[in-house]
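All values below come from the heavy atoms of this structure, side chains included, with hydrogens, waters and symmetry mates left out.
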Amino acid sequence: MGGLIIKLFIKVIVAYFVITGAGHAIAKSSFDSVINVSLLNEHSAVMLVVEPQTGEIKYANQAAALFYGYSVAQLQTMRIQQINIFTEQQVAQERQAALNKGQNYFVFQHRLANGETRTVSVYSAPFRVENKDFLFSVVHDISSQRSLEAALWHYQENLEELVASQTKEIEEKSADQLILALISISLLMILLAILTLLAARLRRAKKSAQKDSAMLKAIFNSIDDLLVFTDTEHVVITANTMAIQKLAAGESLQGKNIYSFTQCPKGIIGVDNECQFHGFEEDFWGEARVTAVNDEANIKIGEIHLIRDISQKLQTRQQQRLASTVFSATNEGILVSNRNNEIQAVNQAFTHITGYQEQDVIGKTPAILNSGRHKPAFFQALYQRLNEEGHWEGEVWNRRKDGSIYPSWLNISVVFDDDKEIEQYVALFNDISLRKENEQEMWLQTNFDNLTGLANRYHYNNKLDQEMIRASADNKRLAICFIDLDRFKSVNDTLGHNSGDLLLLEAAKRLKACMRSSDVVARLGGDEFALLLPGINTLADIERLAQKALQALNSSFKIGEQDVFLSGSMGITIFPDDAVERKILLRNADSAMYKAKEQGRNCFEFFTSGLHEQATARSKLENALHKALSNNEFTVYFQPIVSHDKKTVGCEALLRWHSAELGAVSPAQFIPVCEELGLIIPIGEWVLREACREASTWCNCFGEQFFVTVNMSSVQFIRQDIEALVKTVLRETQLSPKCLTLEITETLLADNSVNTLQQLQALRAIGVGLAIDDFGTGYSSLSYLKRFPLSKLKIDREFIKDLPDDLEDCAMVSAIISMASNLHLEVVAEGVETAAQRSFLTALNCDYIQGFLYSKPLPAASFDKYIREFIDGQHLNQH
């Protein structure tokens, strides 16, 4: 019976947990919502909730209705005094007796609905709801148990009396001993049967109690929250599975202080505290409530700790705060609408972008922002996409409160409820007006020339590709025209770059004005323009437009106070007659343009098969040049330069190329191509190093009376640090700087850049000579001779070849030598082939003679032999 009592007490404790754990919600709910009705109704134990002050039965389960014979509704209208037949004095005596015996239950007499009286044991636990005290009671019928106990004691007393009587009678009456023995045995057998029946009933009761205990223990351990029962010193007596796993990883908590797992304040009863707990694997935040457990005398005997893990709740709360902060602080406008698309909330950025305050839009639909630029079909497709995929993103034009229209990038997401029905729409957007402006500006910069506003090379090529596709589809021709402004560089150098820009602007306007609306006018770079003439099928139409463009360019240009006259050279190619690939068509137009320049300029030329052959040859030349240096196809030749007194001898290093594919190629052919392709940089560096290496031997033999001159391209000065290159080569070859002269062209000086001047000054500072080549054939300016640190001046062979018969050439050469002498410049005359030319130049005190008169350009070995023989001959003449 003691085990049964303990099990019933556990039932009371667990039931009490169920009630107190729901204490948070009792303030707003009835007993039906507080007590787990389904659980208690399924239980076989009789359970009642009684208000101790009045005795009113507040709750009864189905087992109570079956036991008492009343319905649940009838029981919940009755008082406990209508069932319990004990008087108040008897109830008090029973409680005192239980207290004296150390019992935690009471024994009463309860009357059933049919008038029958049953003896019951009542286990009660107090709890509070809405500041009222209640008793949770479990009632157990012990009538049969008490009857059996009484019968057992009755039979035992009778048996003892019977044994004593029979013993006496045996002594008195030996004759009746056998009969009495038989009767005693029979009585003993009956008594044994009764005791066996009683033991069987007790076993069934014990099994029933064990079943109830297991069920309640399962409920106790199935609770997701942590439940811990402690004594008054907070030492754990028992705990549910969740508490054991969370705090001790499955080990027992018994004997440990519950507050060793947390910093929660001790002893605070009935208050929810958010505390951090030290779990076995990790710390967690929990909401803890402590409930005191009191006995019948209202003396505290322990505490029940209900701990709910709120880590996820706190994380959710933090995410909500973060979302709220983002919602308020983000620069993107946010709009939230319900399933009917009625606006529920907007943020501050929404107001900033649209001008609408929150009260202006709440309850309305996003159609209030409609700009009118999008047709209904656009929004139908948008919402269809939202319904199908739950997301839409794209560019939308909206209208502000002030009526202005602006582009926005809109991102809409759908929020679905548990039934997969649309619950909300969340829209994020921002004003992309500035981005659109930047994109437009970038598009203009990418596709149009900054100076003239015409299409640039990139846009021209794209339009050409599009028009070729259209012309093929329509079976029409397409004309591609390249225009180069004649003498533009001269005007630009003379009047300055600002005037040159004004000239290009005016030329662009004239070309644009004389073209059709369907034509494309582009500036490819510098003074190069291009026309794209679609939809033309006759050459006469092309010629008419070409002539019109050239006439527009041939009229005088007013630049400031000056009238400037230009012309244009135009090359024309036809799609698809001449080619069907853009690259080939552009090359054809370029070839035809150069042909127009050769024809005297201010004219146009159509591309022909001959030009195609020239373009093919040019392509082969370019391909061969790319491999020439690595294939060791270049050679440096040297042509003597002799002073008028023949005491000083120098040479000019000249590059020669014998291609494995093309054979011997003239420098006049491949040097310009090298400059265009940028190959002049590695090739020029190679020539300088080879010339200095050979000259180092000759300078060591003949001293400073020997020098070598090396041609330098203007491209090298623009793209390289010539000073650093020359210093490196001189150091590697051990050549004295005084033995080296660099020949530069007037093109380099015409650039008039500060960088060029600084490099030339640095070269002169280390002792390297500087010679201006082919003086008089370009845009010669005396200012070059004054501004730049030159040491030599070379007269072009064009002025030498007709000496001394051509009087104009004689006068020109005489003036150049005289001027150079006054400027302390040494003069070299190129292309001297006759003794008469040498005599004329010697009479004018020309410093050096170079030409076939002395020798043609020679390979290094041949030149070495020549110079040694020349020096030896001079020594013999002196002796």
Side-chain angles (χ1 to χ4, degrees), residues 625-639 641 650-657 667 670-700 704 706-774 784 787-794 826 828 857 860 863:
L625 270 175
H626 280 288
K627 299 178 288 186
L629 190 60
S630 59
N631 292 343
N632 297 318
E633 295 177 354
F634 290 117
T635 308
V636 178
Y637 277 50
F638 300 91
Q639 186 175 30
I641 302 175
C651 64
E652 180 179 2
L654 299 169
L655 180 62
R656 295 293 182 263
W657 178 30
F670 71 81
I671 293 295
V673 177
C674 285
E675 291 182 329
E676 291 179 20
L677 299 178
L679 295 175
I680 196 64
I681 294 175
I683 294 174
E685 185 174 334
W686 180 84
V687 171
L688 177 64
R689 186 170 277 103
E690 287 295 305
C692 290
R693 183 177 60 80
E694 297 288 355
S696 177
T697 302
W698 298 321
C699 282
N700 290 336
E704 294 185 359
F706 180 85
F707 63 90
V708 63
T709 66
V710 181
N711 291 280
M712 301 294 288
S713 168
S714 59
V715 176
Q716 290 178 270
F717 276 88
I718 295 171
R719 300 187 184 181
Q720 284 184 288
D721 186 345
I722 298 299
E723 178 193 2
L725 173 63
V726 170
K727 284 182 178 179
T728 300
V729 172
L730 291 177
R731 182 174 63 254
E732 292 175 355
T733 60
Q734 297 297 308
L735 179 65
S736 170
K738 295 182 180 180
C739 293
L740 175 64
T741 298
L742 300 180
E743 291 190 12
I744 58 178
T745 63
E746 292 185 37
T747 304
L748 176 64
L749 302 182
D751 183 59
N752 206 23
S753 71
V754 174
N755 177 57
T756 300
L757 177 60
Q758 290 176 346
Q759 291 195 73
L760 295 178
Q761 289 174 338
L763 291 170
R764 289 295 291 138
I766 63 177
V768 174
L770 296 175
I772 182 170
D773 194 17
D774 299 334
Y784 300 160
R787 183 165 184 250
F788 294 98
L790 303 173
S791 58
K792 288 186 178 69
L793 185 152
K794 298 189 74 173
E826 294 180 327
V828 180
F863 180 78

Exercise. About how many Å separate CG of Leu654 and OH of Tyr637, when rounded to the nearest 0.5 Å?
Worked result: 11.0 Å

Problem set entry | Inter-residue atom distance Met712.CE - Ile722.CD1, 0.5 Å rounding | 3.5 Å

Exercise. Hey, what's the ring geometry for Phe863 with Phe706, parallel, tilted or perpendicular (30° and 60° as the breaks)?
Worked result: tilted

For this session: Please check if any side-chain donor atom of Gln734 sits under 3.5 Å from a side-chain acceptor atom of Ser696, or the reverse.
Result: no

For this session: Would you confirm whether the ring centroid of Trp698 sits within less than 6.0 angstrom of the ring centroid of Phe638?
Result: yes

For this session: Look at the rings of Trp686 and Phe634 and say which category their plane angle falls in: under 30° parallel, 30 to 60° tilted, over 60° perpendicular.
Result: tilted

Problem set entry | Closest non-hydrogen atom pair between Ile641 and Cys651, with its separation | CD1-C, 3.8 Å

For this session: Grab the two heavy atoms, one from Pro789 and one from Leu770, that are nearest each other, plus how far apart they are.
Result: O-CD1, 3.4 Å

For this session: Could you verify whether a donor N or O on one side chain and an acceptor N or O on the other, from Glu652 and Asn711, lie under 3.5 Å apart?
Result: yes

Exercise. Would you say Glu694's side chain and Ala691's backbone share a donor-acceptor pair under 3.5 angstrom?
Worked result: no

Exercise. Can you tell me how far CD of Gln758 sits from CD of Gln761, rounded to the nearest 0.5 angstrom?
Worked result: 7.5 Å

For this session: List the steps, then state whether side-chain contact (heavy atoms from CB on, under 4.5 Å) holds for Glu826 with Leu793.
Result: CA-CA 6 Å; Glu826 294 180 327; Leu793 185 152; over 6 Å; no

Problem set entry | Between CG on residue Leu679 and CG on residue Leu629, distance to nearest 0.5 Å | 9.0 Å

For this session: For residues Arg764 and Val768, determine if any side-chain heavy atom of one lies less than 4.5 Å from a side-chain heavy atom of the other.
Result: no

Exercise. Passes side-chain contact (heavy atoms from CB on, under 4.5 Å), Ser714 versus Ile744? Steps please.
Worked result: CA-CA 7 Å; Ser714 59; Ile744 58 178; over 6 Å; no

For this session: For the pair Leu625 and Phe670, evaluate side-chain contact (heavy atoms from CB on, under 4.5 Å) and give the outcome as yes or no after the intermediate values.
Result: CA-CA 8 Å; Leu625 270 175; Phe670 71 81; 4.2 Å; yes

For this session: Looking only at non-hydrogen atoms, find the nearest pair between Ser736 and Leu730 and report the distance.
Result: O-CD2, 4.5 Å

Problem set entry | Closest approach of Gln720 to Glu685 (non-hydrogen atoms, all atoms of both residues) | NE2-OE1, 3.5 Å

For this session: Taking all non-hydrogen atoms of both residues into account, name the closest pair between Arg689 and Thr733 and its distance.
Result: O-CG2, 4.0 Å

For this session: In sequence, state the C-alpha distance, the side-chain angles, and the governing distance for Leu677 and His626, and then conclude on side-chain contact (heavy atoms from CB on, under 4.5 Å).
Result: CA-CA 9 Å; Leu677 299 178; His626 280 288; 4.0 Å; yes

Problem set entry | Criterion side chain to side chain contact (heavy atoms under 4.5 Å, CB included) against Leu742, the qualifying member of Asp773, Leu760, Val726 | Val726

Exercise. Out of curiosity, Thr709 OG1 to Lys794 NZ, how far, rounded to the nearest 0.5 Å?
Worked result: 5.0 Å

Exercise. Any idea which heavy atoms bring Pro667 and Arg656 closest together, and the distance?
Worked result: CG-NH1, 3.5 Å

For this session: Measure the spacing between CG of Leu688 and CD of Gln716 and express it to the nearest 0.5 Å.
Result: 8.0 Å

